[in-house]
Amino acid sequence: MELSSLKGKISNEIIESLAARGFKSFTPPQELSIASGLLEGNNVIVAAPTASGETLIGELAAVRSILMNGKKAVYIAPMRALVTEKFEEFKSAYPYLKSAISMGDLDSGDQWLSEYDMLFVSTEKMDSLIRHGANWLPNIGCIIFDEVHMLGDLSRGPTLELLITKLMKTTDAQIIALSATIGNSDELADWLGAKLVVSDFRPVKLMKGIVSDGAAYYYEGGKETRMLLNGSSQIREIRVLQDTLKMKKQLLTFYSTKRNAEAGAVKLSQNTEKALSQEEKSKLDKIGEKVLNTLEKPTAQCVKLSNLVKKGIAFHHSGLLNAQRGYIENAFKDNLIKAICATTTLGLGVNLPAHTVLVRDVSRHNGINSERLGANEIMQLFGRAGRPKYDTEGRALITAPSNYSVGDLYNRYIKSGPEPIDSGLGVAPVLRMHVLSFIAENFLGTEHEIMEFLSKTFYGYQYGSNAHMKNVVSSVLRDLVDWEFVVRGESKYDATKLGKRVSELYIDPMSAKWILDSLAYAEDALGTLYMISNTVEMRPYVKPTEEAEAEFVMYRKMSSAIYENESMDYGYYDPLSAFSTAMMLREWIDETDENDIIKKYRTTPGVLYIKLSNADWLVYAAIEIAKIVHKSIRRLVETRVRIRYGIKEELLDLVRLEQIGRVRARRLYSNGIKSVQDIRNNADLARSLLGGEVAKRVFMQLDTNA
Ligand code: ADP
């Protein structure tokens with residue numbers, strides 16, 4: 001279908017934008033969506049492979065809503081990296097439309113967003129915007145839910161499902177749902193009241209196979225074929241790499257753990273190094289230096305990653321720093337890095353395709369035992385194979401570990417179709433948070449209304465209104481009343497002031513209850529850190545150290561006093577690991593070197609930063625809760641500043657000044673300058689310790705504060 005056939009149906013701006021990007025015709029899923037009434041305002045769900053052009057389907061509906069109906073459009077995705085990527089793309093395609101991105105601070109209504117036409121938000125952010133009563137919700141004309149198959153994901157699915165249900169109930173916006181291929185897209189379509197578009201179109205052909213005995217076993221057009229892999233290695237993943245490098249292509253390998261991914265990169269690095277040209281080597285040397293110097297002081301992980309990058313390979317997982325991730329992704333897109341060894345999170349979200357994708361581990365440890373990846377998950381990873389502009393064909397392989405038979409893997413992952421997805425809504429922790437928000441927003445007030453609403457969810461669609469759900473909701477309501485977040489009035493439930501605030505703070509009501517109870521016991525910094533660490537939001541915890549075990553004796557009374565008093569079912573109760581996490585945070589605010597913290601708690605720089613940012617958020621929540629119950633907030637506020645800067649109490653006064661952080665404050669302090677007043681009194685010494693430009697800016701603040 002030619003673009004020009006849309007003239008009259010859609011504004012010229014869109015047609016011009018598509019032409020400017022060099023698009024001449026529509027892909028099959030795009031064409032089918034248009035035929036299904038995409039441009040007449042119908043709800044549409046598209047289930048198609050990665051890179052089949054789903055984004056453009058959402059874009060057409062969004063721009064039509066903005067330009068032709070004068071209404072806002074919202075793009076919602078579960079992964080932040082994806083939201084950022086789509087926002088950047090849209091901004092450059094439509095510079096004259098007002099587009100905004102909002103993901104951070106979950107305690108804000110962001111009323112400024114009302115000025116914008118096109119909004120890009122994460123699922124959680126959209127949920128929290130509704131809780132804060134964003135006043136622009138009625139102006140939404142089109143909502144795009146990307147990666148809607150995530151509904152079946154146990155951790156992120158339920159919030160997404162409730163958000164969709166809520167938006168369907170409260171707005172009359174057109175809904176566009178974009179999904180990977182799944183087994184029951186017809187059910188999702190029926191639930192959403194949407195036209196279903198299913199397509200197996202891929203811009204590059206995909207060869208799927210299992211690797212064993214130096215060969216790949218493919219299944220193509222109903223036929224099985226065996227193809228020998230170039231190379232000499234007996235180790236399967238090295239053999240696949242050798243074959244890929246021989247074709248002058250790149251490899252993306254998926255592992256089940258961060259450690260495996262790192263070990264994999266080391267194992268493959270000899271081969272990638274040999275494949276580099278002199279020019280590539282010198283470019284990679286420079287990138288390797290940037291990776292090394294991302295932090296003030298490189299950690300062991302930075303050193304390892306930097307050395308690998310110089311050899312044309314990298315590992316990629318949640319333990320990397322954001323800047324490092326950026327360097328690596330760009331170097332891969334520029335074909336300098338020849339292989340990436342990643343954990344499966346890379347397969348979700350960011351657009352980083354490679355000619356060959358190899359799934360090294362088909363199982364993963366879920367904390368209790370080892371489980372196999374589902375066929376849909378494997379398909380998602382496979383979807384990264386083939387770079388649309390560079391490859392005519394992509395290939396996706398699985399290495400058969402010795403304990404799995406080739407035939408078994410072949411049947412399960414290569415020959416079979418996608419699996420259906422299931423709602424994960426029937427669990428208490430998720431519902432606890434959302435039921436409180438329904439009541440706090442005055443959205444729903446009675447148990448009957450809540451059940452009625454839940455019957456409209458995908459869970460309700462799949463299972464009907466069942467006794468299990470009723471029990472869960474009743475027990476959640478009982479807890480919320482017991483904890484005084486909700487009161488039972490004559491005709492309906494109402495949120496208390498505390499309950500309303502807890503809902504806005506976007507934390508699990510059980511975390512809020514625990515914080516509330518432990519405020520009185522948290523007498524020192526470690527107690528405060530334990531208070532915020534023993535929450536579901538700080539999970540996964542670090543492993544307990546021996547030191548934590550010894551010191552926990554002192555703090556155990558804090559939790560036992562609370563737990564013994566309450567008839568609470570702390571399903572995630574693991575106080576020792578939570579305490580160990582608190583001790584890690586204490587080392588940070590005691591100015592222990594980052595390298596030492598990472599080594600001692602067996603963690604990574606990326607994870608440490610995630611924990612610090614969660615801790616910052618939870619201390620903020622604790623401050624807000626303490627204010628409502630009229631408890632002192634002094635220690636909490638101090639702890640928050642100490643977490644922000646990673647400083648001991650004695651530096652608190654100095655970091656009030658901009659430009660003075662952990663390192664400079666310590667330098668001043670060790671030279672006898674211990675407060676802002678001391679800076680004034682010893683201006684010359686302070687100037688020489690801070691150095692020219694910084695000193696100038698610091699003294700400017702002193703002048704204005706005088
Ligand atoms: P998906 O969202 O399905 O994973 P994308 O929408 O990101 O895939 O599309 C993959 C690539 O194809 C992008 O680079 C996009 O610009 C390009 N593309 C999409 N639609 C067309 C089209 N009609 N003609 C040419 N290229 C297209």
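Whatever order the structure lists them in is the order used to number ligands and atoms, beginning at 1.
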How far is atom 6 (O) of ligand 1 from its nearest protein heavy atom, and which residue and atom is that? Thr55 OG1, 2.9 Å

Between Thr55 and Lys86, do the side chains contain a donor N or O and an acceptor N or O under 3.5 Å apart? yes

Does ligand 1 have an atom under 4.0 Å from some heavy atom of Ser52? yes

Between Glu161 and Ser423, is any side-chain donor less than 3.5 angstrom from a side-chain acceptor? yes

When you measure from atom 12 (O) of ligand 1 to every protein heavy atom, which one gives the shortest distance, and what is it? Ala51 O, 4.5 Å

Looking at atom 26 (N) of ligand 1, what's its closest protein heavy atom, distance included? Phe23 CE1, 3.5 Å

Classify the angle between the aromatic ring planes of Trp191 and Phe458 as parallel (below 30°), tilted (30 to 60°) or perpendicular (above 60°). tilted

Quick one: do Glu59 and Arg21 make a salt bridge, cutoff under 4.0 Å? yes

Within reach of ligand 1, part of Ser25 (heavy-atom separation under 4.0 Å): backbone

The protein heavy atom nearest to atom 20 (N) of ligand 1 is Gln30 NE2, 2.8 Å

Ignoring hydrogens and angles, state whether a donor on the side chain of Glu13 or Tyr96 is under 3.5 Å from an acceptor on the partner side chain. no

Should the pair Phe315 and His317 be assigned to parallel (<30°), tilted (30 to 60°) or perpendicular (>60°) ring geometry? parallel

Among all protein heavy atoms, pick the one closest to atom 14 (O) of ligand 1 and tell me residue, atom and distance. Lys389 NZ, 4.4 Å

What protein heavy atom sits nearest atom 3 (O) of ligand 1, and how far away is it? Glu54 N, 2.8 Å

Does this structure show an ion pair linking Lys283 with Glu279, if we count only N-O contacts that are shorter than 4.0 Å? yes

Per-atom filter on ligand 1: closer than 4.0 angstrom to a heavy atom of Thr50 are 4 (O)

Taking only non-hydrogen atoms of Phe26 and a 4.0 Å limit, the atoms of ligand 1 in range are 23 (N)

Give a yes or no on whether atom 10 (C) of ligand 1 lies under 4.0 Å from any heavy atom of the protein. yes

